[in-house]
Undergrad: 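The structure's right below; bear with me while I get my questions together.
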2 protein chains.
Amino acid sequence: MTPTDRAEAVTLESPSLEAAREAITDGFDRGALVTAFGRCTVDYDGRASSRLEAGDRHVMCKPDGTTLVHGSEGQQPINWQPPGCDRDVFCDHGDAHQLVLESVRSTPAERLCVRFHHVVHVAAFSGTDDGALTLSGTEADLRDRILETPDLLEPGFRPLATERETSAGAVDVYGEDDAGRPVVVELKRRRVGPDAVGQLRRYVDALQRDLHADASIRGVLVAPSVTDRAARLLDDHDLEFVSLEPRVE
Amino acid sequence: MTPTDRAEAVTLESPSLEAAREAITDGFDRGALVTAFGRCTVDYDGRASSRLEAGDRHVMCKPDGTTLVHGSEGQQPINWQPPGCDRDVFCDHGDAHQLVLESVRSTPAERLCVRFHHVVHVAAFSGTDDGALTLSGTEADLRDRILETPDLLEPGFRPLATERETSAGAVDVYGEDDAGRPVVVELKRRRVGPDAVGQLRRYVDALQRDLHADASIRGVLVAPSVTDRAARLLDDHDLEFVSLEPRVE
DNA sequence: ATTTCGATCTCGTTT
DNA sequence: AAACGAGGTCGAAAT
C-alpha cells in the first residue's frame, strides 16, 4: 500500500469490465492493494498446471506483485502468484467479453491468468503499515531456553555452539555432556514425527564421520512430545528424547 | 459465500465503528465473505503468541470461520485463524473506542483478536462457487506415469503395489526388478533435498526388517533432480536415483 | 540463484 | 482426535 497521510479506499460497485480495468490499473499505478470480486475462471501454468472453472471469487493484488484468488472456504488461496510477479490487465473483446488479469514471472516460469466474466466490486486500498510483528513460542525460543538453562536438557550439559555445521547440514545445538561426550541436539517447537528423527540421525551420522571420534556421539531430540512411531525410531537408533516446550507453561 | 442468484457486494465507506460492527455482523449472519480495511492491532495466542502493532491492514473473514489479516506484502497473511473458528464482533467503549473482532477455537486452544481503531471500508460478498479445480503435475501424476510405463524406472521393473504399508509408513510404489529383487520407490514431484533421502532410507530399513529378506532391498528415489547433499546421502546409503518429471516435457 | 529448514505451516487421508 | 506426508507449500538465512 502506498503510504498516505490517511488510509483510504477507492471503490467501484458493479462496474463495466472496462471501468474495472481502469480502476485496477489506476490502483496498481498508485501502489495500492487492489481487490476485485466477481465471476471468473483461473488458469495457472508453471511448477504445475491447473484450471479453475467459473465461480465467484475474491482476487487480491498486492503492490509487491502478489496475487491471491480466494473462494469462500479454506485458509489457503485456490490459486495464487508469489511476490515479484509482473502483471497485465486488459479487456478481451473476443467472443465473450472478459476482463483479463495476467501475472507472470520467470525462474521459475509461471503464469496465472484470471478471466472475469463479471465484476461485482473493485477496491483500491492505500495506507501505512509500520507495525512490527513480535512472535514467541518459536524454535528459536526453545533454543534460547536451553542456552540459558542447559540443565533443562540434562544436568551437566554444556552447549558449545548453535548452528554447528556438519557435512549433513547445521546442527541446532552442539555441546558436551557431563562426561565430555559430544551431544547433537535437534529442536522442534511442537510434537514431532518420524521426519525429525531422520534429521537427527543424519546429523549424528555425519558428525560421527566428520570427527571420526573415539567416543560415540549422542543425539538428543528436544520437543514437547513425540509420536509412537518417532519414539520407536529413536529407540532403534539409540537416540534420546527430552520433553521441553518452547515457552514456559 | 451464501449462494445467491447473482453475486453481490454490500459495502460501507468510512463507517463509524458501530456501523462497521453492524455491517460485519450482518455479513456473518448472511453467510457472506466479509472484508474490512483499516487501522488495527492484532493479538494472537495459541500454538504460539504474537502481537502486531498498529497499521492499516486488510482483514478477510470467510463464512467457514477462517480469518486472514493481510498487509501490503507477502503471500502469507501476517496473522490468521483457521477454518472452524467461532467469532465475536463488538465495540469496546473503553478509553480508546475500538471495534473488536475476536476469533477462537479449542483443540488447539487459539485466540485471535483484531482491534480496529479506524475502519475505512467494509464489504460483504455473496456469490456461488461450484467451479472445480483440476491440477496436474503432482506426485500422483508421477506415480501414474510409472505405473503406466514401468520401464521409465528401469527396464524390467514390475510395480506390485502403491502405498504399501511398512512399519515405517506407506511406500509410494513397491515392486520387483528384473532379477526379482524387491524395490522401494519414493516419488517427489520436484527437485529433492536430504529429507527425501531420509524418508526413503526409513522405508528401506523398515521393509528390510519387516521381510527379513534374503535378498537386500533396493531403494530408488524418483524425482526431476537432486541436490548435491542429497546425492551424497543417496550414495552413502546405497540408494539409487532416477530422474523423472511428473509431466511429460 | 540455489540450498536448507522452520512454520501458529495448511490440507487431505487414514486410522 | 491424532498421525502422517504432500504442497505450485511460503519465507528466511546462508552460500
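These numbers come from a predicted model, not from an experiment. In what follows, chains carry the letters A, B, and so on, assigned in the order in which the sequence lines appear, proteins first and then strands, with residues in each chain numbered from 1.
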Undergrad: Look at all strands and tell whether B/T138 reaches a base, only sugar-phosphate, or nothing, counting heavy atoms closer than 4.0 Å.
TA: sugar-phosphate

Undergrad: Salt bridge or not between B/E73 and A/K62? Use side-chain N to carboxylate O under 4.0 Å.
TA: no

Undergrad: Supply the atom-to-atom distance A/T128 OG1 to B/R57 CZ, rounded to the nearest 0.5 angstrom.
TA: 9.0 Å

Undergrad: Separation of B/H70 atom NE2 from D/dC10 atom C1', in whole Å?
TA: 12 Å

Undergrad: Looking across every strand, which nucleic acid part, if any, lies under 4.0 Å from A/A230 by heavy atom: base, sugar-phosphate, or nothing?
TA: nothing

Undergrad: Tell me whether the side-chain N/O atoms of A/T227 come closer than 4.0 Å to OP1 or OP2 in D/dC4.
TA: yes

Undergrad: What residues from residues 197-205 of chain A pass a heavy-atom cutoff of under 4.0 Å to DNA chain C?
TA: A/Q199, A/R202, A/Y203

Undergrad: Distance to the ring centre below 6.0 angstrom and angle to the axis at most 45 degrees; does that hold for A/R87 and A/F28?
TA: yes

Undergrad: With a 4.0 Å cut-off on N to O distance, would you call A/R218 and A/E154 a salt bridge?
TA: yes

Undergrad: Whole Å only: how far is the CG atom of B/D195 from the P atom of D/dT9?
TA: 13 Å

Undergrad: Assess whether a salt bridge exists between B/R39 and A/D129, defined as any Lys/Arg side-chain N lying under 4.0 Å from an Asp/Glu carboxylate O.
TA: no

Undergrad: Indicate, with a heavy-atom threshold strictly under 4.0 Å, whether A/S49 touches base, sugar-phosphate, or nothing.
TA: nothing

Undergrad: Can you tell whether the side chains of B/R105 and B/E110 come within less than 4.0 Å, N to carboxylate O?
TA: yes

Undergrad: Looking only at side-chain atoms of A/Q81, point me to the closest of D/dG8, C/dT8, D/dA6.
TA: D/dG8

Undergrad: Between D/dG8, D/dA3, D/dA6, spot the one nearest the side chain of B/E186, thanks.
TA: D/dA6

Undergrad: If you check every side-chain atom of B/R229, which of C/dT4, C/dG6, D/dC4 has the closest atom?
TA: C/dT4

Undergrad: Does B/R189 place a side-chain N or O at less than 4.0 Å from the phosphate oxygens OP1/OP2 of D/dT9?
TA: yes

Undergrad: What string of B, S and - do you get for nucleotides 10-15 of chain C 5' to 3' if you count protein non-hydrogen atoms under 4.0 Å?
TA: SS----

Undergrad: Taking atom types as modelled and ignoring hydrogens, do the side chains of B/D86 and B/S103 form a donor-acceptor contact shorter than 3.5 angstrom?
TA: no

Undergrad: Between B/N79 and A/A170, which has a closest nucleotide on DNA chain C that is more 5'?
TA: A/A170

Undergrad: Can you confirm whether B/R232 is buried at CZ, in the sense that more than 12 heavy atoms of other residues, nucleotides or ligands lie under 6.0 Å from that atom?
TA: no

Undergrad: Counting distance alone, no hydrogens or angles: does the base of D/dG8 have a donor or acceptor under 3.5 Å from a partner atom on the side chain of A/E110?
TA: yes

Undergrad: Do you know which of A/R51, A/R111, A/R115 makes side-chain hydrogen bond (donor to acceptor under 3.5 Å, both in side chains) with A/D43?
TA: A/R51

Undergrad: With P as the reference atom in both, quote the distance from C/dC11 to D/dG11 in angstrom, rounded to an integer.
TA: 15 Å

Undergrad: Closest-nucleotide mapping onto DNA chain D: is B/G137 or A/V226 further toward the 5' terminus? I mean the 5' end.
TA: A/V226

Undergrad: Please report the distance separating the P of D/dG7 from the corresponding atom of C/dA7, rounded so that it comes out in whole Å.
TA: 22 Å

Undergrad: Looking only at side-chain atoms of B/T107, point me to the closest of D/dA1, D/dG8, C/dG6.
TA: D/dA1

Undergrad: Taking only the side-chain heavy atoms of B/E139 (C-beta and beyond), determine which of C/dG6, D/dG7, C/dT4 contains the nearest atom.
TA: D/dG7

Undergrad: Can you work out whether A/D228 or B/D172 has the more 5'-proximal nearest nucleotide on DNA chain D?
TA: A/D228

Undergrad: In whole angstrom, give the distance that lies between atom NZ of B/K188 and atom P of D/dG8.
TA: 13 Å

Undergrad: Quick test of your reading of the model: are A/D45 and B/R247 salt-bridged, counting only N-O distances below 4.0 Å?
TA: yes

